[in-house]
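Bear in mind the structure is a predicted one, so any value in this text is a computation, not a measurement. Just the heavy atoms: all of them, side chains too, but no hydrogens, waters or symmetry mates, feed the values below.
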Amino acid sequence: MPEAGSREHEVVVYGATGFTGGLTAEYLARTAPGLRWALAGRTRAKLEAVRDRLAAIDPGLAEMPLIEADATRPQSLAAMAAAAQVVITTVGPYIHYGEPLVAACAEAGTDYVDLTGEPEFVDRMWLAHHDRAVASGARLVHACGFDSIPHDLGAYFCVQQLPEGVPLTVEGFVRAGGTFSGGTLHSAVNIMGRLRQGRQIAAERRRLEGTPPGRHVGMTTGRPRNVPAAGGWALPAPTIDPQIVLRSAAHLDRYGPDFHYGHYLVVKQLPVAAGLALGTGALVALATLPPTRKALLRLKAPGDGPTPEQREKAWFKVRFIGEGGGERVVCEVTGGDPGYGETSKMLAESALCLARDELPATAGQVTSAMAMGDALIARLTAAGIGFAVTG
């Protein structure tokens, strides 16, 4: 297997014919001149159409390489991984289509980034492929979009503003406005419909992974409450984001001897908060039953997404309140369209960071904070995503 730095492609975008994959490819076309990269997907004709679109941005991409690869043909994924330093994949739901590529990258020593928000998938991949990736040197970095870059790196940034070597508590409060795609809907419904399986896999991972020696890392739990400093009513958010933050904390000593994190969705008015909680419960119930789950999946097809005008109006703000050693700090991570414009940016910059930047020595399944930390914050700041101390 050739060394990663000598491979044919610095970056391969797998799933380039999909909605978010196409946006990620367009971002690279605009911002990464001179990059050695390729597009990958199931259908050559569709890949050629994407390449034509990219050539309108940069004529030098008119002959860029195309790779036909498919999750149902593992040998095609193995060849793709062997030719790449980093593979970006936007092909989900990952619980259905993701594992063959993770396995190929772990075997080939190829760095891997995705935008999954599926906790069960991430835990299954750790159980099945972490050890092989450690041996090969591959860095498997899940959740490199809005799930969970702003939250993982935001908590990391907040911790850096607090004293070292003392117990720390950080709470993250998320506000956002935007429109979801068909792919997001399908992933969310699959997560809700597989909660029992997800809990079982998470328990198995906890049993095998253990806890950091001499340190404690835990979740702050709380009821819905009004938090004026966060801008409204805070509802505990059982997403993948706090899990990613806590894994970073477990592996990085800078989070202190005792670290707790709480993660919340913020809405301005109490009736909206109540309606959101009830609606989420109803969706979980519907997603559990096969007939209603199928009905939910038919609401929007994978590949459908918001218009450029809708994305232009979208935004996000994550406020972090950190305390420790007698000090208190407020930090914010801010940006535009969270689900697509900024997610494609985060995904692309994560891949470029792994391919080109001097980074800490890590391998196996790692988080964005563990693998890239300060280097990725610098890249995202230069790309227009805000990291700031506000109080």
For this session: May I ask you to check whether His151 and Phe320 place their ring centres under 6.0 Å from each other?
Result: no
Would you call [X] and [Y] a side-chain contact if the rule is heavy atoms closer than 4.5 Å?
X      : Y      : result
Leu153 : Leu376 : yes
Thr72  : Tyr97  : no
Leu352 : Leu28  : yes
Val11  : Ile88  : yes
Thr116 : Asp147 : no
Thr334 : Ile385 : no
Tyr14  : Val91  : yes
Val227 : Val266 : no

Is the shortest side-chain N to carboxylate O distance from [X] to [Y] below 4.0 Å?
X      : Y      : answer
Glu99  : Arg124 : no
Arg225 : Glu171 : yes
Glu48  : Arg44  : yes
Asp152 : Arg247 : no
Glu8   : Arg36  : no
Arg356 : Glu10  : yes

For a quick test of reading the model, state the closest non-hydrogen atom pair linking [X] to [Y] and the distance between them.
X      : Y      : result
Tyr27  : Ala383 : OH-CB, 3.5 Å
Val166 : Gly325 : CG2-N, 3.7 Å
Gly341 : Ser344 : O-OG, 2.9 Å
Ala371 : Val141 : CB-CG2, 4.4 Å
Ser148 : Asp241 : OG-OD1, 2.6 Å
Ser350 : Val113 : CB-CG1, 4.3 Å

Problem set entry | Pairing residues for His129 by the ring-ring contact (aromatic ring centres under 6.0 Å, His included) criterion, not counting sequence neighbours | none
For this session: Evaluate salt bridge (Lys or Arg N to Asp or Glu O under 4.0 Å) for Asp357 paired with Arg379, printing each intermediate quantity in order.
Result: CA-CA 10 Å; Asp357 294 351; Arg379 280 185 168 275; 2.8 Å; yes
Do any N or O atoms from the side chain of [X] and from the backbone of [Y] form a donor-acceptor pair under 3.5 angstrom?
X      : Y      : answer
Arg51  : Leu66  : no
Arg139 : Tyr112 : no
Arg175 : Ala230 : no
Thr307 : Gln310 : yes
Ser136 : Glu107 : no
Glu342 : Gly336 : yes

For this session: List the steps and the verdict of side chain to side chain donor-acceptor pair (under 3.5 Å) for Asp374 and Gln160.
Result: CA-CA 10 Å; Asp374 296 328; Gln160 289 180 311; 3.1 Å; yes
Hydrophobic clusters here meaning ILVMFWY residues chained together by side-chain heavy-atom distances under 4.5 Å, can you tell me if [X] and [Y] are in one?
X      : Y      : result
Leu35  : Leu359 : yes
Ile201 : Ile95  : no
Tyr264 : Met219 : no
Trp233 : Phe173 : no
Leu246 : Ile321 : no

For this session: List the steps and the verdict of side chain to side chain donor-acceptor pair (under 3.5 Å) for Thr90 and Thr20.
Result: CA-CA 7 Å; Thr90 61; Thr20 308; over 6 Å; no
Problem set entry | Flag if over 12 foreign heavy atoms under 6.0 Å of CD, Glu164 | no
Problem set entry | More than 12 heavy atoms from other groups under 6.0 Å of CD on Gln200 | yes
Problem set entry | Tyr261 and Phe259 aromatic ring geometry - parallel, tilted or perpendicular at 30°/60° bounds | parallel
Exercise. Is there a donor-acceptor contact under 3.5 Å linking the side chains of Asp123 and Gln243?
Worked result: no
Seminar exercise, completed: In Tyr94, Phe121, Trp126, the residue satisfying ring pair (Phe, Tyr, Trp, His ring centres under 6.0 Å) with His142 is Phe121
Exercise. Does the salt bridge (Lys or Arg N to Asp or Glu O under 4.0 Å) test come out yes or no for Glu68 and Arg42, once each step is laid out?
Worked result: CA-CA 5 Å; Glu68 292 181 68; Arg42 289 185 299 175; over 6 Å; no
For this session: May I have the step-by-step check of side chain to side chain donor-acceptor pair (under 3.5 Å) for Arg7 and Thr110, ending in yes or no?
Result: CA-CA 10 Å; Arg7 295 183 185 179; Thr110 300; 2.5 Å; yes
